[in-house]
Student: 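Here it is, the structure in full.
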Number of protein chains: 2
Amino acid sequence: MISHTEENYLKVLYNLTSLKGEATVNDISKQLDIKMPTVNSMMKRLAEKGLVVYESYKPLKLTDEGRKLAALIIRKHRLTEMYLVEKMGFGWEQVHSIAEQIEHIQAPEFFEKMDELLGFPKVDPHGSPIPDANGNIASDNYVKLSDCKVGDTVTFMAVQPSSEDLLKFLTSRDLSLGLELKIKQLEPFDGSMTISYGKKENEMLSSKVCDNLLVSKKSKKK
Amino acid sequence: MISHTEENYLKVLYNLTSLKGEATVNDISKQLDIKMPTVNSMMKRLAEKGLVVYESYKPLKLTDEGRKLAALIIRKHRLTEMYLVEKMGFGWEQVHSIAEQIEHIQAPEFFEKMDELLGFPKVDPHGSPIPDANGNIASDNYVKLSDCKVGDTVTFMAVQPSSEDLLKFLTSRDLSLGLELKIKQLEPFDGSMTISYGKKENEMLSSKVCDNLLVSKKSKKK
DNA sequence: TTATTTTGTTAGTATCGTCTAACTTATTAC
DNA sequence: GTAATAAGTTAGACGATACTAACAAAATAA
């Protein structure tokens, strides 16, 4: 059996390794706000359990089993977020901390029921893909809005990472997933973009915001 | 702050003391399947925190604060059970273990939302009253079916205690809350009762079953 | 390339929540 | 009313999850 705490380490490691395939003790330490020696000994424990590849002074990796387990926790997290938004009426900026707790509930039937009631959704309210019941996750081919160029018309597909403040900001600008964004202008000095979407014309977005918005180049159906 | 574990002790103590106002270390130990010395030291801790009245070799009591806290946990438990049955389609025999976990979630807005979506229910799916947001709980004046006499017509109001097996049995006999039960016969030898309700005529219920069914004498609206 | 800084590791400590063994107090049975 | 039993308590241990202090290795800068 795997503890609540261990689950949190696995999940963070999953997220950190999803980019380069590995992560450092320091990364995890900062992410969880837990001191390095604690992380270090936990990594040894998870290695003992066959979930993590640990070698002294080397970056950490997940084993296949560890990755699958982590994906299943993330599945529970994202299904919960979707449920909270779609069925309970929460805003997309309110659901993260509740889902952080519910993701540890041990009751497969509970999450299966959510999945069913939601009609087997593929993404969470922030556009992140929901792993399937085997821990497999669909890879998107989205790009950062900040990597697009003037004249592009793209579809807003996901917010990543999605902090509460950013989500509130997006809501205040009526920026929601699925919208077509037309890039009107790019300010070379600070990287800010001027875009049009929905009923909004020439809204200015800072480069920091644009970095966190994922879009698809070919207007996709949602 | 109060831990998940401490919450469980409080809740059990609340239930045990609801009858006589006090409970013993041994009661709690059996209820939680945790050894007496462990319970003993936990009781001292909860006493330190002002939630329990502890005196050596004396029965335990809750302080007002402890009782309120416990009631609020029970509120979360019962709201959750009601939500699982009413909004997610679970059977009344499936919800206890899921609610046992969800009751520890720290997110007031989550439970407020449930309450709202359910239309501020007064009882859980087994007929037990849901404490209000201040920890106050309505006292019912139900009696055990086993204390009624032949000829009585009563309304089935609650199952208490409600084990999974009992709930499954009741479901298999189409016995659900709100039904009018007519007591046809009482077997003096073993205390079993023959009752009629809904479309069922002369169903036999063992005294053990009758002990766990609470009814109101005056046919109440639900 | 050496010195400095950052990262990782080891060792030792603390708290929480559990246990067993041994002892004390209270209750029950005769 | 004493002996036997049950309940409660104390003491000591252990695993999980955190910490700090001190040291070692790796990465970076001079």
Side-chain angles (χ1 to χ4, degrees), chain A residues 1-17 19-62 66 69-70 73 100-101 103-104 106, chain B residues 1-17 19-62 66 69-70 73 100-101 103-104 106:
Chain A
M1 238 324 92
I2 182 167
S3 76
H4 184 129
T5 310
E6 288 167 335
E7 287 192 347
N8 283 331
Y9 281 89
L10 274 189
K11 195 179 52 150
V12 164
L13 190 49
Y14 183 95
N15 287 326
L16 288 171
T17 54
L19 305 167
K20 298 152 291 177
E22 38 183 56
T24 68
V25 172
N26 202 24
D27 291 338
I28 301 173
S29 170
K30 281 170 184 155
Q31 191 76 23
L32 287 172
D33 195 23
I34 284 173
K35 295 290 179 292
M36 282 210 291
T38 308
V39 174
N40 192 272
S41 59
M42 181 57 90
M43 289 305 111
K44 285 179 168 180
R45 284 238 314 277
L46 292 176
E48 294 272 303
K49 295 194 179 189
L51 303 173
V52 161
V53 181
Y54 176 90
E55 288 179 89
S56 270
Y57 299 104
K58 296 256 180 75
L60 300 154
K61 293 175 204 173
L62 283 167
L69 247 164
I73 299 160
E100 285 272 285
Q101 298 180 68
E103 71 192 6
H104 301 294
Q106 300 295 327
Chain B
M1 239 323 91
I2 181 165
S3 76
H4 184 128
T5 310
E6 288 167 334
E7 287 193 344
N8 282 332
Y9 281 89
L10 275 189
K11 195 179 50 149
V12 164
L13 190 48
Y14 183 95
N15 287 326
L16 288 171
T17 54
L19 305 167
K20 298 153 292 176
E22 38 183 56
T24 68
V25 172
N26 201 25
D27 291 339
I28 301 173
S29 170
K30 280 169 185 155
Q31 191 76 23
L32 287 173
D33 196 23
I34 284 174
K35 295 291 179 292
M36 282 210 294
T38 307
V39 174
N40 192 271
S41 58
M42 181 58 89
M43 289 305 110
K44 286 180 166 179
R45 280 235 252 100
L46 292 176
E48 294 272 304
K49 295 193 180 191
L51 304 173
V52 161
V53 181
Y54 176 90
E55 288 179 271
S56 271
Y57 298 104
K58 296 256 179 75
L60 299 154
K61 293 176 202 170
L62 281 168
L69 246 164
I73 299 159
E100 285 273 286
Q101 298 181 67
E103 71 192 5
H104 301 294
Q106 299 295 328

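Lettering of chains follows the sequences in order, A, B, ..., and the numbering in each one begins at 1. Bear in mind the structure is a predicted one, so any value in this text is a computation, not a measurement.
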Student: Write out all pairs satisfying salt bridge (charged side-chain N to carboxylate O under 4.0 Å, His left out) with one or both partners inside residues 48-59 of chain A, taking only residues at least two apart or from two chains.
Tutor: A:E6-A:K49, A:E55-A:K58
Student: Show me the pairs that pass side chain to side chain donor-acceptor pair (under 3.5 Å) and involve residues 23-37 of chain A, at least two apart or across chains.
Tutor: A:T24-A:D27
Student: Could you tell me the separation between the CE atom of B:M43 and the C1' atom of D:dA7, rounded to a whole number of Å?
Tutor: 15 Å
Student: Distance-only, no hydrogens or angles: does the B:E7 side chain make a donor-acceptor pair with backbone N or O of B:I73 under 3.5 Å?
Tutor: no
Student: Measure all distances between protein nitrogen or oxygen atoms and nitrogen or oxygen atoms of nucleotides 11-16 of chain C, and list the pairs falling under 3.5 Å.
Tutor:
none

Student: Separation of A:N8 atom CG from D:dA16 atom P, in whole Å?
Tutor: 17 Å
Student: Looking only at side-chain N and O atoms, does B:Y9 come under 4.0 Å of OP1 or OP2 in C:dT18?
Tutor: yes
Student: If each of A:T38 and B:E55 is mapped to the nucleotide of DNA chain D with the nearest heavy atom, which maps nearer the 5' terminus, i.e. the 5' end?
Tutor: B:E55
Student: Between B:Y57 and A:S56, name the one whose nearest nucleotide on DNA chain D is closer to the 5' end.
Tutor: B:Y57
Student: Would you mind reading off the distance between B:D27 atom CG and D:dA7 atom P, rounded to a whole angstrom?
Tutor: 9 Å
Student: Rounded off to whole Å, could you give me the CG-to-P distance for the B:D33 and C:dT18 pair?
Tutor: 11 Å
Student: Rounded to whole angstroms, how far apart are NZ on A:K49 and C1' on D:dG15?
Tutor: 11 Å
Student: Can you tell me the distance, in whole Å, between the CE atom of B:M36 and the P atom of D:dA6?
Tutor: 11 Å
Student: Of all the nucleotides listed (D:dA25, D:dG8, C:dC19), which has the minimum atom distance to the side chain of B:I34?
Tutor: C:dC19
Student: Round to a whole Å and report the spacing from CG of A:N26 to P of D:dA25.
Tutor: 19 Å
Student: Could you state the atom-to-atom distance from CD of A:E6 to P of D:dA16 in whole Å?
Tutor: 8 Å
Student: So what does A:K44 touch, heavy atoms closer than 4.0 Å: a base, only the sugar-phosphate, or nothing?
Tutor: sugar-phosphate
